[in-house]
**Q** 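Here it is, the structure, as structure tokens.
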Amino acid sequence: MTERGSNPISPRTDDEMKHELEGHMRSGRPTHVEEASAPEPPADDDIRVDTGGPVPPPGEERDRARAEAEADSLRLDLARHLDRTAFPADRRSVLEALEAHHATDPVLEAARDLPEDGTYTNVTEIVEALGHRPTR
């Protein structure tokens, strides 16, 4: 049955266009590149603008990442030297367990900064008591 109407595109052209769009419809992205309209991928040093929030001042994101890495490193070092049997623990118990397991000096120094009156049920609570934010 022939369609009637004022379609400026012939049925053959219409079928060709449907065939060209089939890959795009399945994948959700263009299937062949036209240089004039295809965006370039972002470079490594491009500034991200799609963060969805306010753009941090220069260095703030780097400082935040460094603080998170330090907290993660401290958490790993503490977990390496503290058994589950050490908890619940106070400052003195944490220091004794770290010394018994030959913890490194930076870990011992960090544990010496724990408040005297605190009681901790796991390593994360110790890291938070030392002023580090929990990550993820």
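Only a predicted model underlies this, so the values are computations on that prediction, with no experimental measurement involved.
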**Q** To check you understand the geometry: which heavy-atom pair defines the closest contact between Tyr120 and Phe87, and what is its length?
**A** O-CD2, 3.4 Å
**Q** Just to verify, what does Glu125 make a salt bridge (charged side-chain N to carboxylate O under 4.0 Å, His left out) with, not counting sequence neighbours?
**A** none
**Q** Would you check if the side chain of Arg75 reaches a backbone N or O of Val123 as a donor-acceptor pair within less than 3.5 Å?
**A** no
**Q** Determine whether Leu78 and Leu98 satisfy the following criterion, side chain to side chain contact (heavy atoms under 4.5 Å, CB included), listing intermediate values before the conclusion.
**A** CA-CA 8 Å; Leu78 286 168; Leu98 290 173; 3.9 Å; yes
**Q** So, does Arg91 use its side chain to make a donor-acceptor pair with the main chain of Pro115 at under 3.5 Å?
**A** no
**Q** Roughly how far, to the nearest 0.5 Å, is CG of Leu74 from CD1 of Ile126?
**A** 9.0 Å
**Q** Minimum heavy-atom separation for Ala110 to Leu130, with atom names?
**A** O-CD2, 3.0 Å
**Q** Roughly how far apart are Ser10 OG and Met17 CE, rounded to 0.5 Å?
**A** 10.0 Å
**Q** Do any N or O atoms from the side chain of Asp83 and from the backbone of Thr85 form a donor-acceptor pair under 3.5 angstrom?
**A** no
**Q** Atom CG of Asp90 and atom CD of Glu96: how far apart are they, to the nearest 0.5 Å?
**A** 8.0 Å
**Q** Please determine whether a side-chain nitrogen of the Lys or Arg among Asp15 and Arg12 lies less than 4.0 Å from a carboxylate oxygen of the Asp or Glu.
**A** no
**Q** Apply side-chain contact (heavy atoms from CB on, under 4.5 Å) to Pro106 and list each qualifying residue two or more places apart in sequence or on a separate chain.
**A** Thr104
**Q** According to salt bridge (charged side-chain N to carboxylate O under 4.0 Å, His left out), who are the partners of Glu70, at least two apart in sequence or on a separate chain?
**A** none
**Q** So which heavy atom on Ala86 is nearest to which on Ala89, and how close?
**A** O-CB, 3.1 Å
**Q** What verdict does the side chain to side chain contact (heavy atoms under 4.5 Å, CB included) test give for Leu108 and Glu99, after you've listed the backbone C-alpha separation in whole Å, the side-chain angles of each residue and the deciding distance to 0.1 Å?
**A** CA-CA 8 Å; Leu108 288 170; Glu99 289 170 357; 3.7 Å; yes
